[in-house]
Amino acid sequence: YLIARFLQSGPCQKSALVRPKVACECRCVLLNQHIPADYLLRVCEQIGPLIDKHIPPSVPGVHSLLGTGQQSLLRTAKSSSHAVWSGSAVVALHRGRPPEPPLNCAKPPTIVSIMGARQKTGVARFGHAFPSLTYQHMKMHRRILGHLSSVYCVAFDRTGHRIFTGSDDCLVKIWATDDGRLLATLRGHAAEISDMTVNFENTLLASTSCDKVIRVWCLRTCAPVAVLQGHTASITSIQFSPSALGSSRYLATTGADGMVCFWQWNSLNMKFDDQPVKFMERSRPGVQISCSSFSSGGLFLATGGTDHMIRVYYLGTETPVKFSDLDSHTDKVVAIQFCNNTDGFVSGSRDGTARIWHYQQQEWKSTVLDMTTRLPGAVISGDDKSTKLVVTMVTWDRCDRSIITAVSNCILKVWNSANGQLLHVLSGHDDEVFVLEAHPFDSRILLSAGHDGNIYIWDLSKGLKIRNFFNMIEGQGHGAVFDCKFSVDGQHFACTDSHGHLLIFGFGCSQPYEKIPDQMFYHTDFRPLIRDSNNFVLDEQTQQAPHLMPPPFLVDVDGNPHPPRYQRLVPGRENCKEEQLVPQLGYMANGDGEVVEQVIGQQTTDESQEESPLDDLIRQLQHQQDERLDSGNPTGENNPQLTFGPLSPPNVGLRRSGQVEGVRQMHNNAPRSQIATERDLLAWSRRVVVNEVQSGIFRYNWPSSAISLNYEFSVYSLSCLNIFYSDSSSEYSDWTADAGINLQPPKRPTRRPARVAGSSSSEDEEGTGQGEGEAERTSKRTKKKKKPKQTKQRSVPAGDLEELLPPSWIMETIPRRSPFVPQMGDELIYFRQGHQAYVRAVCRAKAYSINPQKHPWNRLNLRDQESVKVVGIKYEVGQPTLCCLKLALLDPTSGKMTNESFNLKYHDMPDVIDFLVLQQFYNEAKERNWQPGQHFRSIIDDAWWFGSVECQEPFQSEYPDSLFQCYIVRWDNGEREKMSPWDIEPIPEEAPLPDDEGGSVPVTEDELQSLLYTPQEGEWGLQTRDDECERVITAIDQLLTLDVAKAFSCPVDLREYPLYCTVVAYLTDLGTIRTRLVHRFYRRISALMWEVRYIEHNARTFNEPQSPIVKTAKTVSSVLLRFIRDQTCTDILDLYNKMKSEFSSAEEEEVSPSPKSVFRGVVLDINAWHGQCKELLRRMMASSDSEPFRQPVDLFAYPDYRDIIDTPMDLGTVSETLMGENYENPMEFAKDVRLIFSNSKAYTPNKKSQVRSKPIFLCSLLSPDLNVAQVDEDSQQSSSSSSSSSSSSLSFSAEQAGANRVTRSRVTPGKSSGACSYTQTNIHYLSKV
């Protein structure tokens, strides 16, 4: 019927008449009238595409009903899978010549056909000879537990025969690739291993740690080559430069301190320079350099930072220089990598983009890869629309044809590196991917791993998954994979996970790996170490360098020794006798109270064989050394600086709940191990752990690197660089809610050459005056200072200069009520709703980024308004300039400081009400109790405006009791507004009124003065503010007559130093301070002293720390501060002459400054005492004996107290000073506490008084190493009556002491006869300090 319908409607109508009619045809026509005439033709058209979709044809797009083979409509999958390749066809495929096999060919040529064609032609295409499906045969050879914590670092040596792992348990281990043996453990780090790198000669391994130390090891002997210390925070990355020009090499490191360091070393003698070439890139607080990558030639290093910046450095000059600053990203740069063959690199950022950078026409140009890009026809899910995509990792394939990015939504994207087109989307991971590893020579293959425990091998050419491994750990779930690396020959790859495992994968048989145990530790892995002053280590038990110790024993994670067959796996024990493989055991209790066996040392063995003359000579030398040790030199004459303080790695990351200590406990009760025989030690010292790359192989690999090197030379030469020295960045203390404010002047790094090309460049800073240190540069090779000519100084247009200046509200010299300018010691009312309104205004204006997690109401349970005190102030450079405050909460009833504080940042914004109000203004406004209908006046733009109060209602309903913006007022011009009570003033009877209704009246000078802050008693010491200000003004005038103060007599000339205000946020000088004193700008003496300190702070921030201008600033500020402290002093010139000798002696003592101080043979960290003093003060405050000393003496109850005691002191004031981090050392803290007890004895001559006896216990809490005098009741009788007058002077630090500390009496406690005892707690405290 269908055929008839087709014939009747087509060109073959006569053919339809020839066919005889069937009886049922008429019936079919009636029943199927819906069938069109071309129905049969349309059915045939549909059959072809349906079959093609199921089984592709050999020629896509060609459809025929008469086809055969793979074109037949009757083809099946089985009939189409077999393809016979003739030898001539395979031969024709070499070098990509046609005919090419179709991409959808089910079976490409077999390896037999390929090898046959190769035999005939002499060549074969790699993609055919080694199809990507071959990687399906890779398998996991062994999973080895070798660390107690997560392993974030893994690396192969340059031969691929050794694997290095670095873990959070502070250990670096070396493994054999071919059989998985543990070859060595490198001990020395005191914190988690953050990164590792192997040099290209395969002679050195460099590892970095969170302990801020870089350790370089000799791979041949495992001996420490260098210990490098230059960073002040954790080190984030480390790279050896591939450049091999001569014998000079570079090692580059980046850190969380915002620093990039280049360490020069010599490849012939493997000597490292102690001082690196430093680039301080902390342009604002919190900036970290998080990633780095060297170019293929080794002359360029690219780094990425948390300040969105990419920085490129050039190493082809005498010293490294900065080449470019790139600021195209809008969020943190988290990944960066140079390509393998040219000068391009790719960067990945948290802004959701990656950028491909190429240096063209003397500037860096980038192609943007947007992570929201999708393949054509891809379905967009709801989650993809709402989730911000972030780049987590980037890499290139081996031939640089494609770039792979890992995205935060767990997918990988493959891009064309030439045009940025998205090629493939690889999905399969269930968690974020932080590992992308390209195959060392096969550009098709990529390895990826993530926190989901999955390890994938991908075919980049097809966008397909080849093989998947899942890191399932029996009994513990899956382990997150933290790092993966391919061996140089591509036959193996190694992975590390979150549970301390090393996973070895590869081709071939796994039988060699079956001979090793699943858990491999050395019994010496976690034994304590002692460190010398250069941070080199010795094993505490044997007093030997770890690499020279005898071969250790192999144990499991619980410390149990493995059987003798496994002990032979330890290098050096391969040929030992059976009895020498049985370790000596001891018994000890574990964490569960059970007695277990532990390896405690090396078994004693008798050497029956005849000894060589060399052994006898070594024994004699050992005997002579023992005699010297017995004669009273336990540390040895050749190493007098050893500090025998045991230092074990921190017990971090224990893996199992039942494992309390395990292998870590093995050193607790271990006796000193027996030293091996001389022959053993000699053989052990000559062992080779990692072989050096042979010179022939190194020269073979060098030509490709040399080509890149020459190209990079040409890039730098053609850029026509004008290298100049720049100081576009400065070091700041991190501003975090936990760290608080660092009020000490930040230290400047070593000045370094900098170059900015093809980007926003920084201006040079040169000249004289306060920028003198900027002109002083120290050449690393010549050690010669050189000052540039002022003619090279670039000028800044007037408009740009105004933008760089700090805002006027900060630099005001005349006191004003609004806007609020904070000063040290201010007691304020903090309004939460006002602060929230300010934050909303900042977000609307996009003035600067704010972290919501750091809002104080998210950290503390703040009420609608809180009483606070300013204990720290810092200004932050930026647009806008921010004022950073540390506010201590005050008790609302007693007014004393509590133990809680918070930080905030703010700046003056138009139409935003101040949310910080002086307590004095608040109390005055609260007493007025405004009622509806009352008239008032308010200052706006230096004029009085008048209005009346309509009603009182809360600004926000959730804060019903807050006075912030609580009044609705009606101005005389009819406008209505919300006002706070401290913003409106009563109208005096004699006050003039405006002539016109709704007008204003100018404010007089007397009226402005009457509205300002009134100093409280004691805030200016024993003097009034007027007297003290005039005294200091006279002193400044005298000081300015000296040459030493002329550089600070007036503000810095920003025409000569245009970058000064980009580094220094708060500008001040002696002239500005004098002007403010004239106008009575300072509310208390502590605020004045804070600003005097800022003179030195600014000079140190802008210049070299050891430059003459910084030393001069320190002299000026120190003299003026001491003059202010001593209110009896009237001649500052005489004081300066007396202090000259102190300055000269201090300079002599600062010949070799050290970050540590030594007291009684114990090394003390100068930054560690602060927390201990807090704990000591807490214990004092908790004691009932401290009750009379917790707050200042009530002068109304004891009116004669100030007649006897010149300088009151109490624990509350000490707590305030300590919380503000204003003690420079523990001695100042101890002197203040001692002054409390001295005042008590001086004012209370009665020995039987409880107030006199209570300091005895409190004094006993102080450590004797803080030089705290003990209290002796009996010895005080003779001196109590005259203690106030016959005492020694006690020094104290500047304004930080508080409102009522200006001069200090001469009060000396009597000598002790042992009345105060030191408890075990105090000894524990001393040991910590």
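Note that the numbering runs from 1 along the sequence shown for the chain. Quick caveat: nothing in here was measured; it's all calculated off a predicted structure.
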Tell me whether [X] contacts the main-chain N or O of [Y] through its side chain, where contact means a donor paired with an acceptor under 3.5 Å.
{"X": "Gln952", "Y": "Trp930", "answer": "no"}
{"X": "Asp914", "Y": "Phe820", "answer": "yes"}
{"X": "Gln1009", "Y": "Asp1006", "answer": "no"}
{"X": "Thr1004", "Y": "Glu1007", "answer": "yes"}
{"X": "Gln823", "Y": "Phe1081", "answer": "yes"}
{"X": "Ser1117", "Y": "Ala1113", "answer": "yes"}
{"X": "Arg1190", "Y": "Gly1212", "answer": "no"}
{"X": "Asn1137", "Y": "Leu1133", "answer": "yes"}
{"X": "Thr881", "Y": "Val877", "answer": "no"}
{"X": "Gln1016", "Y": "Thr1014", "answer": "yes"}

task = List the steps, then state whether side-chain contact (heavy atoms from CB on, under 4.5 Å) holds for Gln833 with Gln865.
result = CA-CA 8 Å; Gln833 51 191 332; Gln865 58 190 48; over 6 Å; no
(Q) Please report whether the ring centroid of Trp982 lies less than 6.0 Å from that of Phe831. (A) yes
Q.
Just checking Phe936 against Phe946, ring centres under 6.0 Å apart?
A. no
task: Go through Ser867 and Gln919 one step at a time and tell me if the side-chain contact (heavy atoms from CB on, under 4.5 Å) criterion holds.
output: CA-CA 8 Å; Ser867 296; Gln919 178 88 51; 3.6 Å; yes
Is there side-chain contact between [X] and [Y], with heavy atoms separated by less than 4.5 Å?
{"X": "Ile1124", "Y": "Val1032", "value": "yes"}
{"X": "Phe902", "Y": "Leu889", "value": "yes"}
{"X": "Ser1049", "Y": "Asp1069", "value": "no"}
{"X": "Gln934", "Y": "Ser948", "value": "no"}
{"X": "Pro1015", "Y": "Arg1084", "value": "no"}

Could you walk me through whether Val949 and His935 satisfy the side-chain contact (heavy atoms from CB on, under 4.5 Å) test, starting with their C-alpha distance in whole Å, then the side-chain angles of each, then the deciding distance to 0.1 Å, before giving a yes or no? CA-CA 7 Å; Val949 177; His935 290 275; over 6 Å; no
Under 4.0 Å between a Lys/Arg side-chain N and an Asp/Glu carboxylate O for [X] and [Y]?
{"X": "Glu1030", "Y": "Arg1080", "result": "yes"}
{"X": "Glu1028", "Y": "Arg1031", "result": "yes"}
{"X": "Glu1091", "Y": "Arg1076", "result": "yes"}
{"X": "Lys905", "Y": "Glu876", "result": "yes"}

request  = Carefully, step by step, assess Asp891 and Thr893 under the rule side-chain hydrogen bond (donor to acceptor under 3.5 Å, both in side chains).
outcome  = CA-CA 6 Å; Asp891 185 87; Thr893 56; 2.4 Å; yes
By salt bridge (charged side-chain N to carboxylate O under 4.0 Å, His left out) - contacts of [X] (at least two apart):
{"X": "Lys978", "value": "Glu953"}
{"X": "Arg863", "value": "Glu866"}
{"X": "Arg928", "value": "Glu985"}
{"X": "Arg832", "value": "none"}

What is the distance from atom [atom1] of [X] to atom [atom2] of [Y], rounded to the nearest 0.5 Å?
{"X": "Cys884", "Y": "Lys874", "atom1": "SG", "atom2": "NZ", "result": "5.5 Å"}
{"X": "Ile814", "Y": "Leu1008", "atom1": "CD1", "atom2": "CG", "result": "9.5 Å"}
{"X": "Asp1210", "Y": "Ser1186", "atom1": "CG", "atom2": "OG", "result": "11.0 Å"}
{"X": "Asp1131", "Y": "Lys1138", "atom1": "CG", "atom2": "NZ", "result": "9.0 Å"}
{"X": "Ile939", "Y": "Ile984", "atom1": "CD1", "atom2": "CD1", "result": "13.0 Å"}
{"X": "Thr1213", "Y": "Asp1232", "atom1": "OG1", "atom2": "CG", "result": "8.5 Å"}

Can you sort out the partners of [X] under ring-ring contact (aromatic ring centres under 6.0 Å, His included), two or more places apart, ordered by chain and number?
{"X": "Phe955", "answer": "Phe964"}
{"X": "Trp944", "answer": "none"}
{"X": "Tyr1082", "answer": "none"}
{"X": "Phe915", "answer": "His835, Tyr838, Tyr906"}

Could you walk me through whether Leu1077 and Cys1029 pass side-chain contact (heavy atoms from CB on, under 4.5 Å), step by step? CA-CA 6 Å; Leu1077 286 169; Cys1029 287; 3.9 Å; yes
What one should report as the nearest heavy-atom pair of Pro954 and Tyr959 is CB-O, 3.6 Å
Residues in side-chain contact (heavy atoms from CB on, under 4.5 Å) with [X], at least two apart?
{"X": "Met811", "answer": "Pro806, Leu1067"}
{"X": "Pro988", "answer": "Arg937, Glu990, Ala991"}
{"X": "Ser1000", "answer": "Ala943, Trp945"}
{"X": "Val870", "answer": "Asp826, Leu828, Ile873, Leu885, Leu887"}

request  = Would you kindly say whether Asp1126 and Thr1128 are connected by a side-chain donor-acceptor distance under 3.5 Å?
outcome  = yes
Q. Are Tyr1094 and Tyr1066 close enough, and set up right, to give a ring pair (Phe, Tyr, Trp, His ring centres under 6.0 Å), and what steps lead you there?
A. CA-CA 8 Å; Tyr1094 242 79; Tyr1066 186 81; 5.5 Å; yes
